[in-house]
Amino acid sequence: TGTPKGVAITQQSTVALIHWAHTVYTAEQLQCVLASTSLCFDLSVFELLVPLCRGGAVILAENALALTELPAAREVTLINTVPSAMAELVRAGAVPAAAQTINLAGEALSGRLVTQIYESGRVQQVWNLYGPSEDTTYSTYARCRAGEEPRIGRPVDNTQAYVVDGAGALVAVGVEGEIWLGGAGLARGYFGRAAQTAERFIPDALSGVAGGRLYRTGDVGRYSASGELEYVGRRDQQVKVRGYRIELGEIEAVLKHHPAVAEAAVVVRAARSGEPEIVGYVVWQAGAAGDVGELRRYLREQVPGYMVPTQMVVLEELPQTENGKVDR
């Protein structure tokens, strides 16, 4: 997704993450945790250290999809992965009976997938976890329920999550703004990149704590009336097409609500004329008789005409990065 940059995390920040996790997850849940993400991906911090520091075991796999061929798969009590990988496990009927807890992070989570996970076996808890590497893996968490659209919830222990406007002032409940994070999980910065560190890690003018810092995530969110944080999308996914400002994440969310759509991604490409155009990519639900024309009609009922993709492309599966995220 760009030039790699090292995030300098302190041992103290990692300990804060582990301490929080041990207040949320029981020893039984952490008895056998699947470790299936690369060491370059921050989810691995949870997968490896949280169970081991609680006396649990770590079951190693090349990736989450390798779980289907893993001899120790039946022992896995907790799966910690990205939604796109989990969707494949559900589709393959490969969720182990002992896996009663599912952690999902790294991508936006749909309510449909949550419902499918609960229906797939004996899963008792599905958690939606949000946070950038710059705040040591997880910053907020929410327990998901079937039939409800997931929120990213409330801050983990010793973490602050603010929603601010373009001037850095707090916005009202329900108003969208950029998510800024602070607290014990904050990284020192980007290794060897002082300019980038100064741009994203800024002095904390909101908490009143002397010497405090905040991290500008680039994510757009809002607080609900219940006090839970809702994820809207990325600031860098806001594009301008034909004079209109468009949140690509909003189009994706509508597409995923369609009963025939299993997965969706929306990007902006340059048309032959050189002008930008919106392109939607969809994967049909297994056994669904998907129809692109009907999907377009559905979109026009849900969003303004300028948000309807110029092209719709049907794929057998969405491409993924090494870390299991959608490769845009």
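Keep in mind that this is a model prediction, so the values were computed, not measured. Because only heavy atoms are used, hydrogens play no part in the values below, and waters and symmetry mates are left out as well, while side chains stay in.
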Do [X] and [Y] come within less than 4.5 Å of each other through their side chains, counting heavy atoms only?
X	Y	result
V313	V282	no
Y231	V220	no
H22	L30	yes
K256	I251	no
D219	Y130	yes
L104	I117	yes
I79	N103	no
W127	V24	yes

Got a second to check how far [X]'s [atom1] is from [Y]'s [atom2], nearest 0.5 Å?
X	Y	atom1	atom2	result
S139	I179	OG	CD1	9.0 Å
Y281	L255	OH	CG	13.0 Å
L129	T137	CG	OG1	10.0 Å
E88	Q320	CD	CD	6.5 Å
L113	Y118	CG	OH	11.0 Å
T37	N80	OG1	CG	7.0 Å

Heavy-atom closest pair, residues [X] and [Y]:
X	Y	result
G106	V82	CA-CG1, 4.4 Å
A72	I59	O-CD1, 3.7 Å
G280	P309	N-CB, 3.7 Å
A57	P51	O-CB, 4.0 Å
G111	P150	N-CD, 3.4 Å
Y215	L186	CB-CD1, 3.7 Å

Among the clusters formed by ILVMFWY side chains lying less than 4.5 Å apart, do [X] and [Y] turn up in the same one?
X	Y	value
M86	V114	yes
V90	W284	no
L318	V292	no
L229	V171	yes
V326	V261	no

Working for salt bridge (charged side-chain N to carboxylate O under 4.0 Å, His left out), residues E263 and R91:
CA-CA 12 Å; E263 297 178 80; R91 192 174 295 127; 3.6 Å; yes

Would you kindly say whether [X] and [Y] are connected by a side-chain donor-acceptor distance under 3.5 Å?
X	Y	answer
T140	R151	no
Q100	Q125	no
Q196	Y190	no
E230	S224	no
S84	E107	yes
Y162	E178	no
E75	Q31	no
R154	Y141	no
E294	H258	yes

Report the C-alpha distance between V279 and T310 in whole Å, list the side-chain angles of each, state the deciding distance to 0.1 Å, and finish with yes or no for side chain to side chain contact (heavy atoms under 4.5 Å, CB included).
CA-CA 6 Å; V279 182; T310 306; over 6 Å; no

Verify, without hydrogens or angle tests, whether [X] (side chain) and [Y] (backbone) share a donor-acceptor contact under 3.5 angstrom.
X	Y	value
S36	N63	no
R216	I202	no
T115	G147	yes
S13	I9	no
T14	T10	yes
D42	S133	yes
R222	V173	no
R54	T26	no
T101	Q29	no

For a side chain to side chain contact (heavy atoms under 4.5 Å, CB included) check, start with the C-alpha distance between V308 and V303, then their side-chain angles and the critical distance, and finish with the verdict.
CA-CA 7 Å; V308 177; V303 299; 4.1 Å; yes

Output, in order, the C-alpha distance, side-chain angles, deciding distance and verdict of side chain to side chain contact (heavy atoms under 4.5 Å, CB included) for V33 and V50.
CA-CA 9 Å; V33 174; V50 169; over 6 Å; no

Given the rule in the side chain to side chain contact (heavy atoms under 4.5 Å, CB included) test, do L78 and L34 qualify, once you have shown the distances and angles that lead to the verdict?
CA-CA 6 Å; L78 188 151; L34 178 69; over 6 Å; no

Could you check whether atom CZ of R296 has more than 12 heavy atoms from other residues, nucleotides or ligands sitting under 6.0 Å from it?
yes

Counting heavy atoms not belonging to E62, are there more than 12 under 6.0 Å from its CD?
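Open.
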
Do the ring planes of Y138 and W20 sit parallel (below 30°), tilted (30 to 60°) or perpendicular (above 60°)?
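Geometry flag for W20 against Y138: perpendicular rings.
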
Looking at the rings of F46 and Y25, which for Trp means the six-membered one, are their centres under 6.0 Å apart?
yes

